[in-house]
Amino acid sequence: MAYNITLIPGDGIGPEVIKAARIVLEASGVKINWEIVEAGEEVIQKFGTPLPNYVIDSIKKNKVALKGPITTPIGTGFRSVNVELRQTLDLYANVRPVKSYKGVPSRYSDIDLVIVRENTEDLYAGIEHKIGEDAAESIKIITRKASERIARFAFKLAKREERKKVTVVHKANIMKYTDGLFLECVRKVSQEYPEIVFEEMIVDAMSMKLVQVPNNYDVLVMPNLYGDILSDLAAGLVGGLGVVPGANIGDKEAIFEPVHGSAPKALEANTANPTAAILSGVMMLKYLGESKAADRVEKAVVKVLEEGKYLTRDLGGNNGTVEYAKAVIDAME
Ligand code: NAD
């Protein structure tokens, strides 16, 4: 059997890391027919929009997509394609596993946590406007429905992965209605899972704790904005954005993509680390039920990182994106 999967190469370093992930996934033994669709900054001229309808149609048809990062202009220009995709398809859970790997230089060697970020509302709802020339307003939306379903998703994930603790991250001391509602919903859902330790943490204190004692944490569930920020912080604790994968999951469709962005000006050609994209592919294989193939790829990545012979520049090596991906393929058993 072959899977039909939508492939969105994205902008900047996207096409390179996605190509690397693609050849690795193809070597895993799982048969995939890729439907390649274009979205992002570079297709505006061709389609008149960064998110042409055929991209959404393809994901709705295939149910699963692997995606490269897409550039969003800062302060002006078009709305984030990433946010639009997540909202249009109601991909409400953004899952970002953050793990230490041997051979990856970092402050800690024993981090293994998952950030579960609510992906459809909060300040990312896009309800923002100017009030005259000198003021602006953005509205933070938190609903019981979205908060309860992300809480349930986090606890189910903790149970499935035999994790011990869920920590809700909030700022309900200041935003009593919005974060207060989020907190109330997670507290309520936590009661359905007495076997899992439940803990509450204010986002500023959480930032400090993550830097000081990240190995105290297991599953973290939080509203959209805090999840966006803390997942980059957590990435910095395990070697950087080059190694942290992600998934956007809804009830019908799922898009797998690295946590990092398109790094438009930061990196030369063939220097980006494709580990995050490859591990996003591993998450995709698990989602499809292809756990053996997922294991093969993950073990190969772990081996290559640990051996340290083929590392990209961000990890202190001098190998290219393509060489690293080939080393992962060679390391597969
Ligand atoms: P970024 O993640 O693109 O890059 C930040 C820094 O991290 C880079 O300068 C680079 O040093 C490093 N880095 C990131 N990925 C790497 C990799 N694979 N290998 C090696 N080093 C890597 O963040 P940014 O510069 O703030 O954002 C650039 C653009 O990406 C923006 O337009 C932003 O909106 C967009 N973005 C998109 C997504 C997405 O598509 N899901 C996510 C985040 C940012």
Side-chain angles (χ1 to χ4, degrees), residues 7-21 24 37-44 50-51 55 59 65-87 89 91 94-96 98 101 104-106 115 117 119-120 124 126 224-225 227-249 254-281 283 301 305 310-325 328:
L7 190 83
I8 308 169
D11 295 319
I13 60 172
E16 282 187 350
V17 294
I18 288 299
K19 189 171 175 202
V24 170
V37 295
E38 294 174 289
E41 200 177 32
E42 283 148 36
V43 307
I44 297 179
L51 184 55
V55 174
I59 303 170
L66 182 66
K67 171 184 165 298
I70 290 178
T71 301
T72 309
I74 294 176
T76 141
F78 60 86
R79 202 175 160 224
S80 164
V81 169
N82 308 306
V83 172
E84 205 173 330
L85 270 173
R86 294 163 188 169
Q87 288 176 351
L89 296 169
L91 306 176
N94 192 326
V95 184
R96 299 176 156 185
V98 179
Y101 290 104
V104 176
S106 59
I115 291 180
R117 161 184 172 195
N119 219 13
T120 59
Y124 288 41
N224 211 336
L225 176 63
D228 195 1
I229 297 169
L230 290 189
S231 43
D232 274 33
L233 185 154
L237 298 171
V238 295
L241 284 164
V243 298
V244 180
N248 304 279
I249 299 184
I255 299 179
F256 297 83
E257 62 177 339
V259 169
H260 65 73
S262 55
K265 295 193 186 94
L267 303 171
E268 284 169 35
N270 196 37
T271 59
N273 186 348
T275 306
I278 295 170
L279 293 176
S280 302
M283 292 177 81
V301 169
L305 292 174
Y310 294 93
L311 296 182
T312 44
R313 282 189 201 169
D314 57 318
L315 302 185
N318 54 15
N319 288 101
T321 314
V322 177
E323 290 72 31
Y324 173 86
V328 172

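Each ligand, and each atom within it, is numbered from 1 in the order the structure gives.
Within the set Ile8, Thr312, Asn273, Asp11, the minimum heavy-atom distance to atom 17 (C) of ligand 1 is found for Asn273. With atom 5 (C) of ligand 1 as the reference point, the heavy atom nearest to it among Leu241, Leu267, Asn248 is part of Leu241.
Residue Ala272 approaches ligand 1 through these ligand atoms, each under 4.0 Å from one of its heavy atoms: 19 (N). Near Thr71, with a cut-off below 4.0 Å to any heavy atom, the atoms of ligand 1 are 32 (O). Short contacts between ligand 1 and Ile70, defined as distances under 4.0 Å to a heavy atom of the residue, involve ligand atoms 35 (C), 36 (N), 37 (C), 39 (C), 40 (O). Listed by atom number, the atoms of ligand 1 under 4.0 Å from Val259 heavy atoms are 42 (C), 43 (C).
Protein heavy atom at the shortest distance from atom 41 (N) of ligand 1 is Glu257 OE1, 3.1 Å. In terms of protein heavy-atom proximity, atom 1 (P) of ligand 1 is closest to Gly261 N, 3.5 Å. Protein heavy atom in closest approach to atom 32 (O) of ligand 1: Thr72 N, 2.8 Å. Scanning the protein for heavy atoms near atom 4 (O) of ligand 1, the closest one is Ala263 CB, 4.0 Å. Atom 28 (C) of ligand 1 has as its closest protein heavy atom Pro264 CD, 3.5 Å. Protein heavy atom closest to atom 39 (C) of ligand 1, with residue, atom name and distance, is Asn82 ND2, 3.3 Å. Summary of contacts: the protein heavy atom closest to atom 9 (O) of ligand 1 is Ala266 CB, 3.1 Å. The shortest contact between atom 16 (C) of ligand 1 and any protein heavy atom is with Ile13 CD1, 3.9 Å.
Although no hydrogens or angles enter the test, the distance criterion places a donor-acceptor pair under 3.5 Å between the side chain of Arg117 and the main chain of Asn224. Looking at Glu16, its side chain never comes within 3.5 Å of a backbone N or O of Ile13 through a donor-acceptor pair. Between the side chain of Glu41 and the main chain of Gly12, no donor-acceptor pair closer than 3.5 Å is present. No donor-acceptor distance shorter than 3.5 angstrom exists from the side chain of Asn248 to the backbone of Leu91, with no hydrogens or angles considered. The backbone N or O of Ala272 lies less than 3.5 Å from a partner atom in the side chain of Thr321, making a donor-acceptor pair. Proximity of a side-chain donor or acceptor of Asn94 to a complementary backbone N or O of Asn119 within less than 3.5 Å is not detected. A donor-acceptor pair under 3.5 Å is formed between the side chain of Ser280 and the backbone N or O of Glu257.
Residue contacts with ligand 1: Arg86 is included, with a non-hydrogen atom under 4.0 Å away. Ligand 1 is never approached by Asp232 to a heavy-atom distance shorter than 4.0 Å. In this structure, Ser262 is part of the shell of residues with a heavy atom less than 4.0 angstrom from ligand 1.
Rounding to the nearest 0.5 Å gives a distance of 9.5 Å between CG of Leu241 and CG of Asp314. Annotation: the span from Leu315 atom CG to Asn273 atom CG amounts to 5.0 Å, rounded to 0.5 Å.
By the 3.5 Å distance cut-off applied to N or O atoms, Pro69 is not counted among the residues near ligand 1. For ligand 1, the polar-atom distance check finds an N/O of Lys67 within less than 3.5 Å of one of the ligand's N/O atoms. Between His260 and ligand 1, an N or O atom pair is found at a separation short of 3.5 Å.
Judged as a ring pair (Phe, Tyr, Trp, His ring centres under 6.0 Å), and not counting sequence neighbours, the contacts of Phe256 are Tyr287.
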